[in-house]
Amino acid sequence: MAEAHSAVAFSFAITHDGWDVNFDREVLYLVWESGIRSWKKRLARFRNSVHNGVYPGHLQSLYVLWSLLVGAHFIGFNIPFGIVQKTLNILPGTSTMWQVIACLLAALTMWLSVIFLMRYLLKLLLMYKGWMYESRAPGARVSLKTKLWVSVVRVLSGWNKPKLYSFQGSLPRLPLPSVKNTMKRYLISVRPLLDDNNYTRVEKLAKEFEETIAVKLQRYLILKSWWSSNYVSDWWEEYVYLRGRSPLMVNSNFYGTDAILLRPTKIQSARAGVIIHMCLKFRRLIDRQELEPIMLHNMVPLCSWQYERLFNTVRVPGVETDKIVHYQDATHITVYHKGRYFKVMVYSRGRLLNPAEIQIQIQQILDDKSEPLVGEERIAALTAGERTHWAHIRQTMFNRGHNRTSLHCIERAAFNVCLDDVEYGFDESDHTKLDYFGRLLLHGKGHDRWFDKSFNLCFSTNGYVGFNAEHTWADAPVMGHLWEYVIWSELEYGYAPDGNAVGTVITPPPQPIRLQWELNKEELLKSIDMSYNVAQKLLNDVDLRILMYTKYGKGFMKKCRVSPDAYIQLILQLSYYRDAGRFCLTYEASMTRLFREGRTETVRPCTVESAAWVKAMEDPNATVEKRIELFVKASNRHQLGYQDAMAGRGIDRHLFCLYVVSKYLELESPFLQEVFNEPWRLSTSQTPHGQTSMLDLKKYPKCVSAGGGFGPVADDGYGVSYIIVGEDIIFFHVSSKKSCPITSSSNFAKQIERSMEDLQDLFIEYKKLQESSKNSK
């Protein structure tokens, strides 16, 4: 076959006529080109490492200081501490050259001392979290302490333009809470879920735990917090993700949707060409560290370490535990279409292919009429099934020949692309189409997404796009950042009037190469079918409903002077109570990226205050004033819980690490068993929106993404993701399991609509009462 011949760049043989050497100059040129690209990246990384290592200083300041010392030394001015003369005394000569070198060494010593002092000072300043607890409402007073803190932080971080990883060395470590504080917060959080007898029982278990083995477990955590960059993140990745043996599909991977009100082109290959190109441009920004780090209020940096594994990354299955493998570079992507896999080179002659060139490659794949091999169409079902089963098959059936080569190609790719052969998207008059869109992104057909890859881009035949992302390597905000960049850059780049990608095609781009497989073994085909059946059972049980709520949004919430996140979380508490008739343990993800290598912490939205408000809403005798009073208390309590989680004062990650240590030491704790046996029946997450300043809804008011979602965490619970976009649109992604008789995503979505309307009516009625009271005076 052509691809087999082109793979041989060099051959050597000895004949009767002498030595016979054959080589393909084109392939050797590609090898040379790859080496040049690799060395350029190494030099860029070295330069960036120097920049980040001395941030917030700059190398130019060293040159200035050196020049000043040289001038002062030769003029005869006294240098402080006689540092130049002391340096000169240890050098082998006193000539002009050695005097200049002495000035350089003295300048370097002084400069590094100042730089490390500034870095340490910045690190100390970033430990301060008091600013988070101060009101940012218009007219609110800011403490003098915070004003001074802001001024110094701005001065220290404003000397030099930061690169992506510039603040990594200045970020503080995640603080380790005391056991006493964690126990206190935990008991408060479970109070609304337990009756008096059960609460007394749990309180007794907590006290016994605190006074006995918790002391020993905490000592180990203190040691780990001193030694490691983050006492949680490595264990969280290992035990929550990599050691999980259940399928990634639905259980772990999450999805994100298109800007559904826009469809810049209906041509599948054109949309794919532009989106793929923009993703690779984002990768280049990461590689060069030209991507600006996200900073809260343009001042407080967030940890950027998760960006390192966004591209060229795969989760490799293991018998007992998986592992994340990240490749330093990849010049290709892989594409799936109608059961066949293709390798697509996205770099040619030292440059990234433009969207029009990539469109040609994608169209060649769409026009390819070859049939998949027996078993090839469903081969990705192995990544959708049980992890131990996939690990055994990978070790025995993909360890040689074409299978090993093709698998390696997919796993090394920058990312995977799925060219779907069906239409999906958005229709305002038919919500089931949006539900179908979300389902296909979440699980596809169970065999057409490579769930191990860091992310898959999915394109419909009518031009819509979305992604499916693996969760281990990073959290959703990183994918959200990429997606904002891609969608916005696509709008700025535009399309030709006929819907095709814009760009000049001077020479034909490299042709896609179809990957080859050896799937003729009965055992392998049976294994693929086994994983496929597991995937089908799992995806057929998913009940997904995407609610587009347009009656009001962020604009109305701002008028209520309530945090939008607290507003929605209280809506979800009211909706669940109306749906289930009780309260439940509720999970909301909060980031801890204010700390080095921070990931997430749990906010527990079901509080004593939120339960009191919900009961008041269901009490026909409760007055409007009483309901508003309880709502404000509940929202303030939720906001405090969210701030505590972001500031490293959460509950669940500390308890999780204590549990891990107890397992290592083989110490049993009835309290920890109690904590981790209770399921999260309501798991919620807010999809980040507007992380960067790129998105301009005034310029493109229809550039509204529907956000993304995930599967239910508990068999008898709901998974709810929401995104607040614009001033009057909110999307809710509600998932549950059809096999559970007490849950229904459609019914829960209806309860959300009802709760949203009831809360709006409550505030409108309260405003009328206030106006009536003023008029009566």
Side-chain angles (χ1 to χ4, degrees), residues 254-272 274-275 278 417-445 448-449 455-469 476 479-480 482-484 486-491 494-495 499 542-554 686-690 695 697 699-710 719-735 745-746 748-750 752-753 756:
F254 60 94
Y255 69 88
T257 63
D258 201 355
I260 59 172
L261 300 181
L262 291 173
R263 188 155 41 135
T265 180
K266 296 182 180 180
I267 302 174
Q268 186 180 22
S269 60
R271 192 82 196 275
V274 173
I275 296 294
M278 296 306 169
V417 174
C418 306
L419 300 175
D420 293 332
D421 55 359
V422 294
E423 286 191 2
Y424 49 78
F426 172 69
D427 185 343
E428 197 167 355
S429 61
D430 184 2
H431 74 79
T432 60
K433 290 188 177 180
L434 191 55
D435 299 343
Y436 180 63
F437 189 4
R439 284 178 59 90
L440 282 181
L441 294 178
L442 178 62
H443 52 62
K445 298 177 182 178
D448 53 354
R449 311 280 186 257
F455 68 92
N456 293 254
L457 293 178
C458 310
F459 296 91
S460 73
T461 55
N462 55 337
Y464 279 100
V465 63
F467 67 81
N468 178 287
M479 275 303 301
L482 165 66
W483 211 234
E484 279 187 21
V486 166
I487 297 300
W488 174 255
S489 300
E490 179 190 30
L491 289 175
Y495 290 85
V542 173
D543 182 13
L544 180 66
R545 172 77 173 90
I546 302 178
L547 169 64
M548 180 179 179
Y549 191 83
T550 56
K551 294 183 180 179
Y552 69 93
K554 187 191 297 183
Q686 179 177 183
T687 303
H689 183 262
L695 283 176
L697 292 179
K699 185 176 181 180
Y700 295 102
K702 290 188 176 182
C703 186
V704 175
S705 171
F710 51 89
V720 182
S721 177
Y722 55 95
I723 181 171
I724 306 169
V725 289
E727 296 297 310
D728 54 6
I729 300 178
I730 306 173
F731 287 96
F732 295 89
H733 299 245
V734 183
S735 66
S745 296
S746 295
F748 194 78
K750 290 177 182 177
I752 292 174
E753 283 190 279
M756 291 287 288

Evaluate the side-chain proximity of [Y] to [X]: yes if any heavy-atom separation is below 4.5 Å, no if none is.
X: D448; Y: C418; result: no
X: D258; Y: F437; result: yes
X: N468; Y: L441; result: no
X: T687; Y: H733; result: no

Taking R449 for its side chain and L440 for its backbone only, find out whether a donor-acceptor pair lies under 3.5 Å.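 Pair found, side chain donor or acceptor close to backbone of L440.
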
Atom pair [atom1]/[atom2] of [X] and [Y] - distance to nearest 0.5 Å:
X: F459; Y: Y424; atom1: CZ; atom2: OH; result: 8.5 Å
X: W488; Y: M278; atom1: CH2; atom2: CE; result: 12.5 Å
X: S460; Y: Y436; atom1: OG; atom2: OH; result: 10.0 Å
X: T257; Y: L442; atom1: OG1; atom2: CG; result: 12.5 Å
X: N462; Y: T265; atom1: CG; atom2: OG1; result: 10.5 Å
X: F455; Y: F254; atom1: CZ; atom2: CZ; result: 10.5 Å

Kindly give the heavy-atom pair with the smallest separation between [X] and [Y], and that separation in Å.
X: M756; Y: I730; result: CE-CD1, 3.6 Å
X: T461; Y: E423; result: OG1-CG, 3.0 Å
X: F710; Y: S721; result: CE2-CB, 3.7 Å
X: D420; Y: C458; result: OD2-CB, 4.0 Å
X: Y464; Y: I260; result: OH-O, 3.6 Å
X: L544; Y: S745; result: N-OG, 4.3 Å

Once you measure the plane-to-plane angle for Y549 and Y552, does it fall in the parallel (<30°), tilted (30-60°) or perpendicular (>60°) bin?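 Perpendicular.
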
What is the ring orientation for F467 with W483, classed by angle as parallel under 30°, tilted 30 to 60°, or perpendicular over 60°?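 Aromatic pair F467/W483 classed perpendicular.
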
One pair to check against side chain to side chain contact (heavy atoms under 4.5 Å, CB included): V486 and V465. What are the steps and the verdict? CA-CA 11 Å; V486 166; V465 63; over 6 Å; no

Answer yes if the side chains of E490 and Y495 hold a donor-acceptor pair under 3.5 Å, and no otherwise.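 E490 vs Y495: donor-acceptor pair found between side chains.
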
Side chain to side chain contact (heavy atoms under 4.5 Å, CB included) between L457 and R271, worked out: CA-CA 11 Å; L457 293 178; R271 192 82 196 275; over 6 Å; no

What do the steps show when you test I752 against Y722 for side chain to side chain contact (heavy atoms under 4.5 Å, CB included), and what is the final call? CA-CA 11 Å; I752 292 174; Y722 55 95; over 6 Å; no

Using a 6.0 Å cut-off, check whether atom CD of E727 has over 12 heavy atoms from anything other than its own residue.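 Enclosed.
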
